[in-house]
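Numbered from 1 within each chain, the chains take letters A, B, ... in sequence-line order.
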There are 2 protein chains.
Amino acid sequence: MKWDTLDEEPCSLSRTVAVVGDRWTLLILRECFLRVRRFEGFQSSLQITRHLLSERLKKLVRFGILRRVPYSEAPKRYEYILTQKGLDLYPIIMAMVHWGDTHMGDERGRPLLHEHKTCGKQFDPVMVCSECGETLHAKQVHVHAGPGRKEMTGL
Amino acid sequence: MKWDTLDEEPCSLSRTVAVVGDRWTLLILRECFLRVRRFEGFQSSLQITRHLLSERLKKLVRFGILRRVPYSEAPKRYEYILTQKGLDLYPIIMAMVHWGDTHMGDERGRPLLHEHKTCGKQFDPVMVCSECGETLHAKQVHVHAGPGRKEMTGL
DNA sequence: AGCTATAGTTCTAAAATAGAACTGTCAAAT
DNA sequence: ATTTGACAGTTCTATTTTAGAACTATAGCT
């Protein structure tokens, strides 16, 4: 496939997959949300090869998900900070964490617990309809082509 | 990396990534939610090589996300149906679609629109706290180690 | 001058993917 | 009775990606 133009397909899922649809990128983003910011930090916690880490970070910067911000002049050193576009990936990451909690758990229990500072409780993420607030299920959703598409061949 | 044992890591994100963390798998799942069920259907709409499609479908069946159901004896033919575990991936897919709609759009407008049959309106998915119902934002969440983990190195 | 920390780049071997052709079963058409 | 076509894969080679390790560069510290 022409993965290099996947981000221009008339399908929002394809476009997202073009940016975050590989294993290393998702794991790097996990570290970002856990407040890792530096090259050595990513490298040592993920055991990713330096080459690939360098490449993935460049790609995330190119797509505007991370900002490369200097934190030291002489020697010039940079750290990688989530932009708003990057922070907006949180529902994707949390949805994946929640699915893993639900369907891939073992006898040891959940690896991590999430506390909502606003209400103080331990929570799970729930996806709801922006209009009526009801929990969303695949079967209650009808999909139809929008302006960005003639024929229907994607999500 | 040892991608073959990623699904046993003490991290729910890793475990999910082990199953759906590659481009073809995500695109195959998109087709599943668009009601594609058969080998030829996936192959022709995705232009994936038959080899990879075969391999990915096997993997999804192995992980219990699709069921391989016969729809014809003589010749034996099968179709691939989402299980409940598979249907539960919907929030992940929708979160990705929504991020794409928001951040990867072009002048042509959205490729697809989603209608919530329950309320009849065109909607966006929103991720809320299961306890208080408020919209979730990364910065309002505090993460701490659960029973499935001693040290904290994941989500 | 030598050691360490940080942030990469370069190199080769191994693994994954692309692309096309091939296999096998059966139904319908000639 | 033989050919054609649909379906669901499998097999093969060439190309691309990734793994793993070593190397480069800048600067502070002793």
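What separates CD of B:Glu40 from C1' of D:dT10 is a distance of 13 Å, to the nearest Å. Here the C1' atom of nucleotide D:dT18 and the CG atom of A:Leu27 are 15 Å apart, to the nearest Å. Regarding A:Arg38, its CZ atom lies at a distance of 12 Å from the P atom of C:dG8, rounded to whole Å. Look at CD on B:Gln43: it is 14 Å from P on D:dT10, rounded to the nearest Å.
Under the salt bridge (charged side-chain N to carboxylate O under 4.0 Å, His left out) criterion, the residue pairs touching residues 11-26 of chain A are A:Arg15-B:Asp106, A:Asp22-A:Arg56, with sequence neighbours excluded. Pairs of residues two or more places apart, or lying in two chains, that qualify as ring pair (Phe, Tyr, Trp, His ring centres under 6.0 Å) and include a residue from residues 10-31 of chain B are A:Trp3-B:Trp24. Among pairs with a residue in residues 127-138 of chain B, none fulfils side-chain hydrogen bond (donor to acceptor under 3.5 Å, both in side chains), at least two apart in sequence or across chains.
B:Thr118 and B:His116 share a side-chain donor-acceptor pair at under 3.5 Å.
Checked against salt bridge (Lys or Arg N to Asp or Glu O under 4.0 Å), A:Lys139 has no partners two or more places apart in sequence or in another chain. Among residues two or more places apart in sequence or in another chain, the side chain to side chain donor-acceptor pair (under 3.5 Å) test is passed with A:Glu40 by A:Arg50. A:Glu79 pairs by the salt bridge (Lys or Arg N to Asp or Glu O under 4.0 Å) definition with A:Arg38, not counting sequence neighbours.
At the phosphate of D:dC7, neither OP1 nor OP2 sits under 4.0 Å from any side-chain N or O atom of B:Tyr80. Under 4.0 angstrom from either OP1 or OP2 of D:dA19 there lies at least one side-chain N or O belonging to A:Trp24.
Using a 4.5 Å cut-off between side-chain heavy atoms of Ile, Leu, Val, Met, Phe, Trp and Tyr, B:Val128 falls into a hydrophobic cluster with A:Val126, A:Val128, B:Val126.
Within residues 63-72 of chain B, no residue has a heavy atom under 4.0 Å from DNA chain C.
The minimum heavy-atom distance between B:Pro111 and B:Asp101, with the atom names listed, is CD-OD1, 4.0 Å. The minimum heavy-atom distance linking B:Phe63 with A:Met104 is given by the pair CE2-CE, 4.1 Å.
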Is there any protein nitrogen or oxygen under 3.5 Å from a nitrogen or oxygen in nucleotides 2-4 of chain C, and what are the pairs?
none

Got a list of protein N/O to nucleotides 9-16 of chain C N/O distances below 3.5 Å?
{"residue": "C:dT9", "atom": "OP2", "partner": "A:Ser54", "partner atom": "OG", "Å": "2.7"}
{"residue": "C:dT9", "atom": "OP2", "partner": "A:Lys58", "partner atom": "NZ", "Å": "3.3"}

Every protein N/O lying under 3.5 Å from an N/O of nucleotides 26-29 of chain D:
{"residue": "D:dT26", "atom": "O2", "partner": "A:Arg77", "partner atom": "NH2", "Å": "3.4"}

Using a 3.5 Å cut-off and no angle test, enumerate the donor-acceptor pairs between side-chain atoms of residues 64-74 of chain A and protein atoms at least two apart in sequence or in another chain.
{"residue": "A:Arg68", "atom": "NE", "partner": "A:Tyr80", "partner atom": "OH", "Å": "3.3"}
{"residue": "A:Ser72", "atom": "OG", "partner": "A:Pro75", "partner atom": "O", "Å": "2.7"}
{"residue": "A:Glu73", "atom": "OE1", "partner": "A:Lys76", "partner atom": "NZ", "Å": "3.1"}

